Amino acid sequence: MKKLLVMLYIVVVAVMAAATIIEKYEGTPFVSDHIYGAWWFSLLWALLAAAGISRFLKRRVRQFTTVMLHLSFVVILLGALLTHLTARHGAIHLRQGQTVSTYLTEEQQEHALPFSIRLDRFDIAYHEGTKAPADYTSHITLTPADDAHAETAAVSMNHIATHRGYRLYQSGFDPDQQGSILAMNYDPWGIPVTYCGYALLFFALIWMLFDPKGTYRRLLAGKDDFARNKIALFILCSLSLSRVAAQPTLPAATAEHFGRLNMLYNDRVCPAQTYALDFTRKLCGSRSYNGLTAEQVLTGFIFWPEAWSNEPLVKVKRGALKETLQLPDFCAVNTFFNPTMGGYILGPYIEQYYSGQHDAFHNDVAKMDDRLMLVMELSQCTPLRLFPYSGEWCAPVGKLPATIDNDTQQFIRHLFSLLTDEARAGHYKQVDHIIDKLQMYQQKQGGNSIPSGVQLQAEYIYNKVPLATILFMANLTLGLLTLLLFVWQMHSAPNGTPSPLSKRLSLLASVLFKLSLLALTFCLALRWIITSHVPMANGYETMLTLAWLIMLLSLIARRSFPIAMTFGFLLSGLFLLVSHLGQMDAQIGHLMPVLNSPLLSLHVSIIMVAYALLSLTFVCSTTALLLPAMQQQLHLLSRLLLYPALTTLGLGIFIGAVWANVSWGTYWSWDPKETWALITFMIYAIPVHTQSLAVFRRPLAYHVYMAVAFLTILMTYFGVNYLLGGMHSYA
């Protein structure tokens with residue numbers, strides 16, 4: 001029975017992993033019909049549950065926590081089966097003023113509802129002063145078929161309506177905003193049974209950490225045998241020599257004054273300084289150029305476009321474009337506009353790209369074209385939406401609101417011409433005076449769309465100091481230094497008694513660790529203040545949060561396990577490096593309406609704690625494999641981290657399922673991120689079964705397994721985002 005159980009477990013995990021890859025190429029409907037919705041997939045889970053129950057009965061397991069934990073999985077599977085067999089799902093398309101009494105399934109079959117629905121009104125709420133949606137709301141009237149009393153309800157993102165067991169969710173709307181699409185879910189048996197299973201799981205996972213007779217408490221009792229050890233990783237960073245600026249620019253103070261103006265950028269009102277930084281970073285590959293600030297670069301292109309278009313500041317990355325066209329490391333904008341070669345030299349290649357040629361060269365061309373278009377758009381002033389009026393933020397070109405008076409129109413149309421004349425004449429005090437007038441206009445017309453003074457000050461500080469970049473270099477450097485300290489301690493104090501100098505260096509490392517944690521905390525606090533939501537809305541923010549959690553957990557653990565501090569340096573530095581070098585978008589923006597939920601924040605927070613703990617187990621294992629003498633001690637530390645990691649991962653999945661049911665209408669949809677989170681949970685659950693699987697009592701086998709298991713974390717977090725996609729690919 002044990003061999004059958006192990007075999008079924010492996011097959012289930014393998015099938016789920018394969019299904020996510022098949023979905024990438026065959027599409028979601030295919031895997032829904034042929035794998036997740038197939039009879040054999042349900043049978044596979046049923047056989048796994050039956051084998052597990054049989055194994056439990058044969059071994060006569062009586063430990064309360066163990067029974068409750070495994071019983072919860074059986075109840076969850078039963079609830080999933082009931083949902084599969086009895087639930088009904090569909091979509092209801094409503095037009096304003098019309099009554100509908102049917103819903104449409106995915107198979108395009110129409111079914112009757114026991115009530116009728118009328119759309120009274122559909123609203124879109126926008127973030128103040130922008131066109132970024134904050135919420136979608138359908139105001140409906142529900143009339144039972146038996147002519148009972150009609151009810152009115154409002155359905156919006158994360159706010160459902162329930163009528164006679166039918167749950168209605170806001171799903172979409174018509175382009176003319178006169179119609180709405182509601183998702184319908186009827187699951188009277190599956191949801192309560194599944195939620196009961198989740199409640200049992202919640203209780204059992206928490207109690208697993210506190211059970212006086214449990215394995216985790218026994219591990220804690222034996223932790224004093226742990227010995228001090230350290231490891232870290234270092235990445236060298238090169239510094240480029242600055243060159244002397246030759247192009248006309250505004251003085252730094254005047255350019256900074258311009259950067260303090262507010263503008264509509266990235267669907268939110270923010271300082272022009274933020275746009276300047278993004279503009280310069282995308283164009284030059286850095287936050288400044290030749291000692292000039294981002295605001296000086298931006299205003300240089302605004303007021304002296306001809307001169308700046310000849311400046312070699314466009315960074316050309318290594319790749320097919322650079323090699324094919326034999327481009328230098330830095331090119332001028334005008335390099336790509338050559339009259340003798342037919343004008344825009346990338347034009348023909350861009351046409352080929354949009355005709356379907358997506359090889360490495362044409363992909364590089366498309367990326368370079370996007371960067372050059374920043375300059376082209378700026379030359380037309382279209383991104384400079386600095387002029388608020390009646391809830392809109394307008395640029396000095398293009399169509400203005402019809403209600404705007406003539407004087408205001410003239411002010412908007414001619415302000416930049418006046419600024420350009422004064423800047424070119426070197427009348428910088430007059431430039432400051434005009435900027436002051438524009439600031440007063442913004443304060444008068446911008447109203448509530450302008451961020452608060454605290455938010456603006458937070459963004460100025462956030463823009464000024466690239467804390468995440470500084471910290472990834474600092475933490476990795478300190479990781480190398482603590483590694484050198486460890487090697488020195490091993491040779492100078494083989495008996496384990498540190499010298500006074502060693503103690504002072506360890507104290508210094510501890511102080512620097514706390515300062516680094518404070519700096520990262522400050523960075524996250526600034527983003528929280530700026531966005532008004534927990535900084536976990538995208539991949540970049542969750543990387544920062546994960547680095548912070550790793551450092552916090554390491555600080556808590558270092559009293560009993562001094563090696564934890566070095567692990568904190570290493571992993572936080574690596575995650576900050578990933579956020580710095582990866583394809584993650586560091587831009588600050590508004591949350592999508594469906595993500596604006598307290599349950600989401602709780603779900604992501606707990607999942608991040610789990611990933612942080614599991615990352616620390618990976619470092620334990622790699623350290624043990626590199627330094628065999630430490631395997632036994634790190635075996636204990638890793639297991640002490642594994643139990644709370646499984647607890648938080650299980651809780652995170654449970655809370656995510658509740659959020660999904662509230663927001664999407666289904667608690668489990670086999671999205672690739674959901675599936676890989678479950679795979680990760682199942683993979684990491686294996687080594688806690690040391691009584692059944694004695695191999696994991698041996699440190700070497702345990703560490704090898706845990707090092708390989710970390711691949712599931714990488715797949716869950718990065719692989720799904722960049723390879724598989726799905727609903728959760730934004731995370």
Side-chain angles (χ1 to χ4, degrees), residues 4-52 73-74 76-87 89 105-107 183 185 187 190 194 197-198 201 539 603 607 610-611 614 646 649-650 652-654 656-657 659-661 663-686 708-731:
L4 176 63
L5 180 61
V6 171
M7 183 186 69
L8 286 170
Y9 200 90
I10 294 172
V11 170
V12 167
V13 170
V15 168
M16 290 191 295
T20 63
I21 298 172
I22 294 171
E23 182 176 357
K24 169 71 175 179
Y25 299 98
E26 299 295 335
T28 301
F30 180 87
V31 293
S32 296
D33 294 338
H34 294 85
I35 299 180
Y36 299 132
W39 63 268
W40 60 266
F41 187 69
S42 299
L43 178 62
L44 200 59
W45 280 104
L47 290 174
L48 179 62
F73 296 129
V74 175
I76 290 171
L77 287 175
L78 178 60
L81 179 63
L82 289 172
T83 294
H84 180 67
L85 295 176
T86 65
H89 307 277
T105 64
E106 290 183 357
E107 297 79 19
N185 178 30
D187 188 9
T194 301
Y198 282 144
L201 177 64
H603 160 63
I607 288 284
Y611 288 168
L614 292 175
L646 283 173
L649 184 57
I653 294 173
F654 156 70
W659 169 63
N661 198 33
S663 297
W664 306 103
T666 175
Y667 54 85
W668 195 265
S669 58
W670 294 109
D671 179 75
K673 180 84 74 170
E674 295 175 353
T675 304
W676 273 100
L678 178 59
I679 291 172
T680 300
F681 185 85
M682 294 178 70
I683 291 294
Y684 276 102
I686 292 174
V708 175
F710 189 67
L711 293 174
T712 62
I713 295 288
L714 297 179
M715 187 65 188
T716 303
Y717 196 87
F718 298 105
V720 172
N721 287 3
Y722 301 124
L723 298 177
L724 301 181
M727 289 190 301
H728 290 75
S729 58
Y730 57 82

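Keep in mind that what you see is a predicted model, and the values were worked out from it rather than measured. Below, all heavy atoms of this structure are taken into account, side chains as well, without hydrogens, waters or symmetry copies.
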Quiz prompt | Non-hydrogen side-chain atoms of Tyr9 and Ile686 separated by less than 4.5 Å | solution = yes
Quiz prompt | Residue list, side chain to side chain contact (heavy atoms under 4.5 Å, CB included) with Ala46, at least two apart or on another chain | solution = none
Quiz item: Which residues pass the side-chain hydrogen bond (donor to acceptor under 3.5 Å, both in side chains) test with Ser42, sequence neighbours left out?
Solution: none
Quiz item: Can you name the side chain to side chain contact (heavy atoms under 4.5 Å, CB included) partners of Leu5, sequence neighbours left out?
Solution: Leu48, Ala51, Arg55
Quiz item: For the side chain of Tyr684 and the backbone of Thr712, is there at least one donor-acceptor N/O pair under 3.5 Å apart?
Solution: no
Quiz prompt | From Phe654 atom CZ to Ile76 atom CD1, the distance as rounded to the nearest 0.5 Å | solution = 9.0 Å
Self-check item: Note, Thr194 side chain near Trp668 side chain (heavy atom, < 4.5 Å)
Solution: no
Exercise. State the CG-CG distance between Asn661 and Asn185, to the nearest 0.5 angstrom.
Key: 6.5 Å
Quiz prompt | For Thr680, side-chain hydrogen bond (donor to acceptor under 3.5 Å, both in side chains) partners two or more places apart | solution = Thr716
Self-check item: Heavy-atom check, side chain of Val15 versus side chain of Trp40, under 4.5 Å
Solution: yes
Self-check item: Any donor-acceptor pair under 3.5 Å from Glu26 side chain to Ile22 backbone
Solution: no
Self-check item: Trp670 side chain near Met16 side chain, heavy-atom distance below 4.5 Å
Solution: yes
Kindly list each side-chain donor-acceptor pair under 3.5 angstrom involving residues 31-38, sequence neighbours excluded, with atom names and distances?
from: Ser32; atom 1: OG; to: Thr28; atom 2: O; distance (Å): 2.9
from: His34; atom 1: ND1; to: Phe30; atom 2: O; distance (Å): 3.0

Quiz item: Residues two or more places apart in sequence or in another chain: which of them pass side chain to side chain contact (heavy atoms under 4.5 Å, CB included) with Leu714?
Solution: Phe710, Leu711, Phe718
Self-check item: Euclidean distance, Ile683 CD1 relative to Met715 CE, rounded to 0.5 Å
Solution: 13.0 Å
Quiz item: Which residues satisfy the side chain to side chain contact (heavy atoms under 4.5 Å, CB included) test with Leu43, sequence neighbours excluded?
Solution: Trp39, Leu47
Quiz item: Is the Trp45 to Phe73 ring centre distance short of 6.0 Å?
Solution: no
